[in-house]
Structure formats: C-alpha cells, structure tokens
Colleague: 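Can you keep this structure in mind? I'll have questions shortly.
Any value given below was found using the heavy atoms of this structure, including those in side chains, with hydrogens, waters and symmetry copies removed.
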Amino acid sequence: MDSVTRREPRSARIRAPRFPEPRAVDPPRPEPFFRSMPEPAPLPMPVQDLTDGGGRLAPLMETRGRRIVLLGAVGALTLGAAAVMADLLSAGGISPLDVAAFLLFVVLFAWTAFGFVSAAAGFMVSWAGPRPGGNGPRPVIFTRTALLMPTYNEDPGRVLAAVQAIREDLARLGVAELYDIFLLSDTRDDGIARAEAVGLLRLRTRLSVQPGGDGGLYYRRRPKNTDRKAGNVADWVTQHGGAYESMIVLDADSLMSAETIVRLTAAMEADPKLGLLQTAPTLVGAETLFARLQQFAASAYGVMLAAGQDWWSGAEGNYWGHNAIVRVRAFAACAGLPHLRGRRPFGGHILSHDFVEAALLRRGGWSVRLTTDLDGSYEEAPPTIVDMARRDRRWCQGNLQHLGVLGAAGLHWVNRLHMARGVLSYVTSPLWLLLLAFGATAWLGQAGEPLRLHGQAAVWLFAVTIALLITPKLFAGILAMRQRRVRGAGGVARLWTGIVLETVLSALVAPVLMLMQSVAVAEVLLGRDSGWNVQQRDAGRLSRREAWRSHRGHVLIGLAGAGIAWLLDPAIFWWTSPVSLGLFLSAPLSLLLARGDLGRGFRALGLLVTPEEHHVPGVVSRATTLRSQYDGEAAARLEIERLLRRPVPVYRAEARGRAEAYAGWAEAA
C-alpha cells in the first residue's frame, strides 16, 4: 500500500527531454555553402630585391637568330632614313635645332620601324602556321587551378555574370571540381560591396541546383586595398596559394571559355619550366562606334601582331596583367614587388605591375610565353575616347615608373626592352609634337632653292614612314583572306571597307590621343599622382558638356596651329592639316564615336564586324544573358540585403522555442 501511495503518476514517469539552459548561440560551423573562403594554405611571397640579381638565367637560345634579324632590319631601315633626314637638314648648314630634330626623328623612326618589322614577322609566321583555334583532342588535366577575378568598385552584375558563365562552362566540360573561382574585392563603396556579397549568395543558391554544385566559388573583401591589384593578388597568394598549382588571373571585364581554361592548364602541366602563359584576348561586347573600331582592329590585326611579338620574344615574353595562367609557386617565389624609392608618382607601389612580374619570373629561371593558338579569351574595350584617356593616365604613370626598374639587377635584356617599349608608348607622343614643331621651324629656315632640290627626298621619306604604319594593316587583310576569316568580317568587300574606315578614323583620333598622352606624361613629370579611378565600361555616358570640357583645349590648339601654319607658309599648313583637322574636330568626333546607335548602325550594314559577332561564343552569350537577368532581379537583391541587415533576436527565439517544446511534450503526455 505504501508503495502504491508513493507511486508517481504515469505522466511523471515519462522521461522529459533534456534541454540545455538558455545561453548565447555559438557561431555556426562554416559549412561549404556559407564559407566565404576555403581553409588557409599559406605560401610565402618574399619581396624581391631589385639590386640583387641572384643566380644566372637559364640559357634559352631558341630566339637568338630571330632577334638578330629583327634588330638588323630595324637598324637598316633606321640608318637609311637617318641618312636621308641628315641630307635634308644639312642644306644651308646644321643648327642646334636641326640636331635636335634629327635625334628625335631617329628615335621615332626606329620606334615605327620596330613595329613594322615585328608585324611583318607575325604576318610570315601566321601565313605559314595553322589557323588559331586550339584544334585537337581536349587534353586530360590533373592539377587544381584557381581563377582569380580582382574587382574594384565594378558593376557587380557584370562581374557575377562572368563568374557564373565561366562556372557553368566548366561544369559543362565536367572539370568544375578542378577549378575554384575567387572574387577578390577591393571595393571601397559599401553599397557596391553589399551588392557583391548578396549577388554571390544568390549565385551560390542558383548554382547549387546545377551540375557541379555551388562549391568552389569564394568571395573576399580586403579591409584596405594595399598596393591595389598587385597587392590584391599577392594577398590571395600568401593566404591560399599553397593549395593550387596554377592561377588564371582575370579582369573585371574578362571572360574565358572552359575549353581555353583546360588547354592553358594542360600547357602548364606539360612544361615544368613554364612560369606564365599569356593569351591574346579578343575584344567583345562593343556598343559604341569607338569601341567597335577597337574591336575590329583587335580582330583584324591582333593575332598577327601577337604572333610577331611571340616570334622574337620567345621565353622572355610579357604579361598584360590578366587573361593569363601563372604557376603559383613560381610567382610567389619570384614576383613579390617592392615599393620604389621616392614619392609618388614615380615612387611607391608599381602601378603597371605586370611587366615587372614577368621580368622577375624570367629572372628566377622561369619561362614567360605568349600563345596565339587559343581563341577563347575575351575582354572589353573602353566605350569612348575620354574613358580611354582616363585609363591611359594610370597606365602612363605605371609605365613611366619602369624607368626605376630598367636597371634592376639580373633582368634579361628582352624584358628590359619590353619595359622600355612601354615607356616609349607614352613618351613618343610628346616627342612627335616636338618633332612637328622642330620640323616646321627647320622648313622655314630652309625656304628657297635647297628646299626645291630636296623636295623629292622629303616626299620619299614621308611616304616610307606612312608605309611602315599602313602596310601591317594590309598584311592583316591579306592574312584574313588566306585564313578564310573574311566571312566573319562580312565578306571581302566589307573587310577592306572596314580596314579603310578604321584607318581613316584612327588617323583623325590619333592627334587627340597624342595630346592627351602628352598631357599625361607632363602631369607625371610634374609629380601628380593618377590615383586609381573606376573604369567606365558601359556605353551612353558621354554628354556634350563633358565632351566639350575634355576637348576644348584640343579644338583651340587645332585652330591656332592651322592658322599659324597658314600664315607662315601654306605648304606647312597642308603638311600638318591631318593633325589640325583631327584636333579641330575632336569634340564632335568624340561625341559621334561615343554613340551606341552609330555602332549598331555600322553593325547592321555589316561594317566593322568581327567573327565573334557572327558566331557568338557560348560563354560570351551566356554572360550577356545573365547580365540582363541581373538588372531584372534588383528588387529581390534589395529584399535579401534588407533581411540580412535586420537584427535577429536569436536568444529570445531560442527560449521561446524551448517553451513551446515543453508545452508540446506535456500535451502529448
């Protein structure tokens, strides 16, 4: 009886679940979907000493004969032209002004002759070689590769569309598990950064239901964008580079097909001495007439010019900072960039880091090469002249910084040549202006009989200089006909019409760009830092006010120059008329070239078209579609961002959940 009376009710004998006491919630374990970056795999990247060359370079003699031919041809052309110029200037005696004009002419003619001989070599190599396209069976690859896309205040829609298009293309080939994609953000604008994070979250969700899953897609935003893009990539190398054999570096406007990515990886696996393999990107996505001119020129001439550079540079090739595959351990061991001595703009971190990184890789014994056999590498062009000038301002400062690297110990002379050519690509603009001024002054000083005696020689010299500039374009047109690429350009007639249009419009734009580059060089020499401005990539942004503000000085200089030339001598006026006309028309020409409707009109007529527009590559088409979809999802992204930023009462929700669980248990009992 006592035992019965002590017996507890049946409900009390049911064992209650053990709930822990309410406490703060621990951070969740980072599952692959939520993890923003993979586990660290550190790799040391020591800063290189430019005064210590280290060991000797591994000898590679494959291009010695080619370089002898190149420099010999350039020297012969320059000597012949210099002899004619000296004869012209000697009439009536040699003045200091004549000496200055002669030296300028020799430098500039040698620059022009070098470009011609390199292009001619590319023509011959391309004529004898196979058509680009990466034909042959797809190779089998084994190593893991990272695709790095550094971004700085870029349109998240453009960047994420490219990431998804590349990821889907890799999954289509069944190789997605061998590639991780890293969106490396240096974005300073908090709104853009939030859009990047939210967009990546949505992208992971979307990819999680597709073949290949959402794994291998990562995002990191640096708190400080130390050393800009070079520092962004170096930060990734030191934190995660040890887990990968290679990395493919892209730009925010870059695209690359999975086929090309796989073949780049296979090339890296096949050559253990290869440190970097640079592709020759094709321009796509042009909307404005100015962008179409660049896109057509790159399509018509680009492969031939790249083949010429590859012919003489060999293992001492160059790096353009993107659309290239790099061996990670070689890059970490050899390419840690030092800061240059002195203040900006010449001192500090190196803006044009790519040339220097290529030179340091070669100094470390690794080969750096350029491939023209793969056609699945893409980028975009600046939409307007003004946008190109803004980009060139930063490039100008970066290239002029190479004056502090040219004398670095242990560099191969061809790498020094690459950097010297980079410097000259901007310095030649003010040199041409000086030569025009000296030439006009010398002409005035030699009026009369000596001028008539040497008139034919002057015309001959001018014709030869123009021929060196025009002939590579003729070579490219002939090559397109041989390789049966004219169909992609709209046929033979439209191909040659496009070449003529590009030549004429480029000749009108050239004086404007020459003045803009001259101003940029002057600003750098005066100590003005370019900073790091966001690149404008979309069309339709140039207003009449901005065009006039950007070009009013050019218009006035063109008018003043034409007037002074006419007053001095009508012959000088006609001699310099192409330059004056381009400057006088700079503002309206800039507006016309910035119009998207004109670009579309030329395309509708079949002019300035490229093969990639007739047969749009899959990865390009997919990225364009995704970019449009991104704009239509703005409301959904804003709602996700609002929910993510909303404070969540985790503790109270957990306590309420326990109370409901107790109540449910009691009711069931």
Side-chain angles (χ1 to χ4, degrees), residues 108 111-112 114-116 118-119 122 282-283 286-306 308 380-392 395 424-426 428-429 431-433 436 462-463 465-480 489-490 494-518 520 539 542 547 550-551 554-555 558 576-595 598-599 601-603 605 607-610:
L108 293 171
W111 166 261
T112 305
F114 191 101
F116 167 77
S118 180
T282 301
L283 295 183
E287 298 181 24
T288 65
L289 182 54
F290 182 68
R292 295 198 67 79
L293 286 173
Q294 299 171 77
Q295 182 173 282
F296 176 82
S299 176
Y301 323 136
V303 174
M304 183 189 75
L305 298 178
E380 297 179 5
T384 68
I385 295 175
V386 175
D387 293 316
M388 173 175 275
R390 289 169 180 163
R391 185 189 68 176
D392 266 11
W395 286 5
L424 283 173
S425 65
Y426 290 96
T428 50
S429 290
L431 293 185
W432 277 115
L433 290 176
L436 285 173
F462 177 76
T465 305
I466 295 299
L468 294 181
L469 296 171
I470 299 298
T471 303
K473 301 187 178 187
L474 303 180
F475 284 163
I478 296 171
L479 192 61
R494 288 188 173 94
L495 168 69
W496 287 105
T497 303
I499 291 176
V500 172
L501 279 172
E502 188 276 331
T503 301
V504 172
L505 291 174
S506 296
L508 289 174
V509 171
V512 182
L513 296 179
M514 181 173 63
L515 271 184
M516 286 178 161
Q517 290 181 347
S518 299
L542 185 66
S550 301
H551 297 291
H554 307 145
V555 174
T576 60
S577 60
V579 176
S580 300
L581 183 62
L583 293 175
F584 175 68
L585 296 176
S586 58
L589 184 63
S590 183
L591 271 176
L592 287 174
L593 293 179
R595 290 177 56 175
L598 283 181
F602 272 81
R603 180 178 179 179
L605 295 173
L607 297 175
L608 301 176
V609 296
T610 64

Colleague: Taking all non-hydrogen atoms of both residues into account, name the closest pair between Leu289 and Leu592 and its distance.
Modeller: CB-O, 4.3 Å
Colleague: Indicate the atoms forming the closest heavy-atom contact of Ile499 with Gly477, along with that distance.
Modeller: CD1-CA, 3.8 Å
Colleague: How far apart are the C-alpha atoms of Trp395 and Asp392, what are their side-chain angles, what is the distance that settles it, and do they pass the side chain to side chain contact (heavy atoms under 4.5 Å, CB included) test?
Modeller: CA-CA 5 Å; Trp395 286 5; Asp392 266 11; 3.8 Å; yes
Colleague: How many angstroms lie between CD1 in Ile466 and OG1 in Thr471, if you round to the nearest 0.5 Å?
Modeller: 10.5 Å
Colleague: Under a 3.5 Å distance rule, please check whether Ser580 uses its side chain to pair with a backbone N or O of Ser577 as donor and acceptor.
Modeller: no
Colleague: Kindly compute the distance separating CG (Leu583) from CE (Met514), expressed to the nearest 0.5 Å.
Modeller: 6.5 Å
Colleague: Would you name the heavy atoms of Ser429 and Ser518 that are closest together and state the gap between them?
Modeller: C-OG, 3.4 Å
Colleague: From Leu591 CG over to Leu585 CG, what is the distance, rounded to the nearest 0.5 angstrom?
Modeller: 12.0 Å
Colleague: Is Ser590 reaching over with its side chain to a backbone N or O of Ala547, donor-acceptor style, under 3.5 angstrom?
Modeller: no
Colleague: Nearest 0.5 Å, please: how far is CG in Leu468 from CZ in Phe114?
Modeller: 13.5 Å
Colleague: Short question: side chain of Arg603, backbone of Glu287 - any donor-acceptor pair under 3.5 Å?
Modeller: no
Colleague: Quick one: closest heavy-atom pair of Val512 and Gly582, and the distance?
Modeller: CG2-O, 3.6 Å
Colleague: So do the side chains of Gln295 and Leu608 get within less than 4.5 Å of each other, counting heavy atoms only?
Modeller: no
Colleague: Specify the closest pair of heavy atoms between Leu305 and Ala119, including all atoms of both residues, with the distance to one decimal.
Modeller: CD2-CB, 3.6 Å
Colleague: Checking side chain to side chain contact (heavy atoms under 4.5 Å, CB included) for the pair Phe116/Leu469: CA distance, chi angles, key distance, verdict?
Modeller: CA-CA 7 Å; Phe116 167 77; Leu469 296 171; over 6 Å; no
Colleague: When you measure from the side chain of Gln294 to the backbone of Pro382, do you find a donor-acceptor pair of N or O atoms at a distance under 3.5 Å?
Modeller: yes
Colleague: Decide side chain to side chain contact (heavy atoms under 4.5 Å, CB included) for Met388 and Leu513; before the verdict, give the C-alpha distance in whole Å, the side-chain angles of both, and the deciding distance to 0.1 Å.
Modeller: CA-CA 9 Å; Met388 173 175 275; Leu513 296 179; 4.2 Å; yes
Colleague: Start with the C-alpha distance between Leu515 and Leu433, add both sets of side-chain angles, then the distance that settles side chain to side chain contact (heavy atoms under 4.5 Å, CB included), and finish with yes or no.
Modeller: CA-CA 8 Å; Leu515 271 184; Leu433 290 176; 3.6 Å; yes
Colleague: What's the shortest heavy-atom distance between Ala381 and Leu283, and which atoms?
Modeller: CB-CD1, 3.9 Å
Colleague: Calculate, to the nearest 0.5 Å, the distance between atoms OG1 and CZ belonging to Thr288 and Phe602 respectively.
Modeller: 12.0 Å
Colleague: Taking atom CZ of Phe584 as the centre, does the number of heavy atoms from other residues, nucleotides or ligands within less than 6.0 Å exceed 12?
Modeller: no
Colleague: By the side chain to side chain donor-acceptor pair (under 3.5 Å) test, which pairs, at least two apart or in different chains, include something from residues 497-514?
Modeller: Tyr301-Glu502, Lys473-Glu502, Glu502-Ser506
Colleague: Just verifying a value: how many Å separate Arg292 CZ and Leu505 CG, rounded to the nearest 0.5 Å?
Modeller: 13.0 Å
